[in-house]
Amino acid sequence: MPKLTAGVVKFQREVYPDRRAMFETLTQGQKPEALFITCSDSRVDPTMVTQTEPGELFICRNAGNIVPPHTTHTGAMTAAIEYAIGALKVPHIVVCGHSQCGAMTGALNPDSLEDLPHTHEWLDYARAAVQIVQTRDRELSEKEKLKRLIEENVILQLTHLRSHPYVAQALAEGTVTLRGWVYDIGTGGMRALDESRRAFVPVDELYSDLPDAQPDNLTTSMANAVRDAAAGPVGPGGGCCTHTGPGQEVT
């Protein structure tokens with residue numbers, strides 16, 4: 001805690017004064033460029049990876065970057081997705097997995113979750129991805145299976161996203177796009193899903209058709225493209241969510 005509180009004091013004394021105008025603008029509302037769904041893992045920092053500012057990402061985090069399929073059950077993820085697309089009109093959704101994911105390691109080895117019943121139940125939303133890997137990739141090493149599962153889980157959660165009413169509507173109207181990414185903690189690399197090949201490739205390769213899509217300015221190019229596509233009024237409020245399990249949620 002001393003490090004955290006010292007950080008707050010530094011922010012108030014040094015950071016905020018230099019960026020007061022930006023924060024005052026943010027009090028008027030938010031118009032984020034993307035809904036960014038990723039893992040709760042402390043090693044993953046969405047704003048650092050994407051080089052974005054406050055107000056640019058609507059972030060949802062949970063164990064395993066899971067998106068439960070839409071049901072009548074009201075959960076934190078369902079509500080956040082509904083708000084992001086239905087109220088804020090966010091034009092871009094990214095599901096971002098990452099290397100060395102503990103949640104996916106647990107999904108591959110469910111017996112290891114015996115003492116974590118809520119985690120075990122939550123990761124059942126990744127079961128289809130696990131089944132694909134355990135069947136299709138049975139000859140691979142455990143390390144390679146984990147890598148494949150991290151990718152398949154991102155693909156599965158994109159499928160789940162399409163079952164949410166506002167997402168389905170926005171897709172039909174062409175006002176939202178879905179992206180699947182996998183971040184490598186050790187190298188800083190980011191791979192994106194090429195749906196035509198069902199393969200993950202470096203972001204600068206997949207998005208090479210964007211203006212100035214070079215490694216150093218790729219994020220800016222994507223952000224500008226999303227900003228140009230954004231529509232609808234600025235919405236109120238803030239947004240991040242943590243989902244701890246089907247029956248236990250915190251927003």
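Numbers here are sequence positions counted from 1.
Scored by the side-chain hydrogen bond (donor to acceptor under 3.5 Å, both in side chains) test, Asn153 finds Gln157 as partners (sequence neighbours excluded). A search for ring-ring contact (aromatic ring centres under 6.0 Å, His included) contacts involving Phe23 returns Phe11, Tyr16, not counting sequence neighbours. For the side-chain hydrogen bond (donor to acceptor under 3.5 Å, both in side chains) test, residues two or more places apart in sequence or in another chain that qualify with Thr47 are Asp45. Residues passing the side-chain hydrogen bond (donor to acceptor under 3.5 Å, both in side chains) test with Ser196 are Asp194, sequence neighbours excluded. Here Ala170 pairs with Ile85, Thr175, Val176 under the side-chain contact (heavy atoms from CB on, under 4.5 Å) rule; sequence neighbours left out. Partners of Thr187 under the side-chain hydrogen bond (donor to acceptor under 3.5 Å, both in side chains) rule, at least two apart in sequence or in another chain, are Asp184.
The CZ atom of Arg197 sits 7.5 Å away from the CG atom of Leu206 when rounded to the nearest 0.5 Å. Taken from CG in Asn65 to SG in Cys60, the straight-line distance is 11.5 Å, to the nearest 0.5 Å. One finds the CZ atom of Phe36 at 13.0 Å from the CZ atom of Arg179 (value rounded to the nearest 0.5 Å). Annotation: the span from Leu88 atom CG to Gln30 atom CD amounts to 4.5 Å, rounded to 0.5 Å.
With contacts defined as side-chain heavy-atom distances shorter than 4.5 Å, the pair Leu123/Leu113 qualifies. For the pair His98/Ile185, a side-chain contact is recorded, criterion being any heavy-atom separation below 4.5 Å from C-beta on. Side-chain contact between Met104 and Cys39 is absent, with no heavy atoms from C-beta onward closer than 4.5 Å.
Judged as a ring pair (Phe, Tyr, Trp, His ring centres under 6.0 Å), not a single pair has a partner in residues 127-146 (not counting sequence neighbours). Residues in residues 142-153 take part in these salt bridge (Lys or Arg N to Asp or Glu O under 4.0 Å) pairs, two or more places apart or across chains: Arg136-Glu152, Asp137-Arg148, Glu142-Lys145, Glu151-Arg191, Glu152-Arg198. The list of salt bridge (Lys or Arg N to Asp or Glu O under 4.0 Å) pairs with a residue in residues 103-118, not counting sequence neighbours, is empty. Judged as a ring pair (Phe, Tyr, Trp, His ring centres under 6.0 Å), the pairs with a partner in residues 143-164 (not counting sequence neighbours) are, in order, His70-His164. A ring pair (Phe, Tyr, Trp, His ring centres under 6.0 Å) check over residues 182-204, counting only residues at least two apart or in different chains, returns nothing. Counting only residues at least two apart or on different chains, no salt bridge (Lys or Arg N to Asp or Glu O under 4.0 Å) pair has a member in residues 5-16.
Using a 4.5 Å cut-off between side-chain heavy atoms of Ile, Leu, Val, Met, Phe, Trp and Tyr, with links allowed through other members, Val130 and Leu140 fall into different hydrophobic clusters. Under the 4.5 Å side-chain contact rule for hydrophobic residues, Val15 and Leu26 share a cluster. Under a hydrophobic clustering in which Ile, Leu, Val, Met, Phe, Trp and Tyr are joined whenever their side-chain heavy atoms come within less than 4.5 Å, directly or via other members, Leu35 and Ile155 fall into the same cluster. In the hydrophobic cluster analysis, where Ile, Leu, Val, Met, Phe, Trp and Tyr join through side-chain heavy atoms closer than 4.5 angstrom, Leu57 is grouped apart from Met22. The hydrophobic cluster containing Leu156 does not contain Ile66, counting ILVMFWY residues as joined when their side-chain heavy atoms lie under 4.5 angstrom apart, directly or transitively.
Not one N or O on the side chain of Thr135 forms a donor-acceptor pair closer than 3.5 Å with the backbone of Ile132. The closest donor-acceptor contact from the side chain of Arg61 to the backbone of Asp41 lies under 3.5 Å. The main-chain N or O of Pro69 is never found under 3.5 Å from a side-chain atom of Ser163 such that the two would form a donor-acceptor pair. Looking only at distances, no side-chain donor or acceptor of Asp124 sits under 3.5 Å from a matching main-chain atom of His120. Panel note: side chain Thr25, backbone Ala21; a donor-acceptor pair is recorded below 3.5 Å.
Pairing each heavy atom of Glu56 with each of Glu53, the nearest pair is OE1-N, 2.7 Å. When all heavy atoms of Ala63 and Ser40 are compared, the pair lying nearest together is N-OG, 3.6 Å. Minimum heavy-atom separation, Pro91 to Pro32: CD-O, 4.0 Å. Heavy atoms only, all atoms of each residue included: Ile59 and Pro46 are closest at CD1-CB, 4.1 Å. In this structure, His92 and Glu33 approach most closely via the heavy-atom pair CB-O, 3.5 Å.
Within a 6.0 Å sphere centred on CD of Glu24, heavy atoms belonging to other residues, nucleotides or ligands number more than 12. A 6.0 Å sphere centred on CD of Glu205 holds more than 12 heavy atoms belonging to other residues, nucleotides or ligands.
The residue from Leu149, Val95, Val94 that alone fulfils the side chain to side chain contact (heavy atoms under 4.5 Å, CB included) condition with Val154 is Val95.
A tilted orientation is assigned to the rings of Trp181 and Tyr207, their planes being inclined by 30° to 60°.
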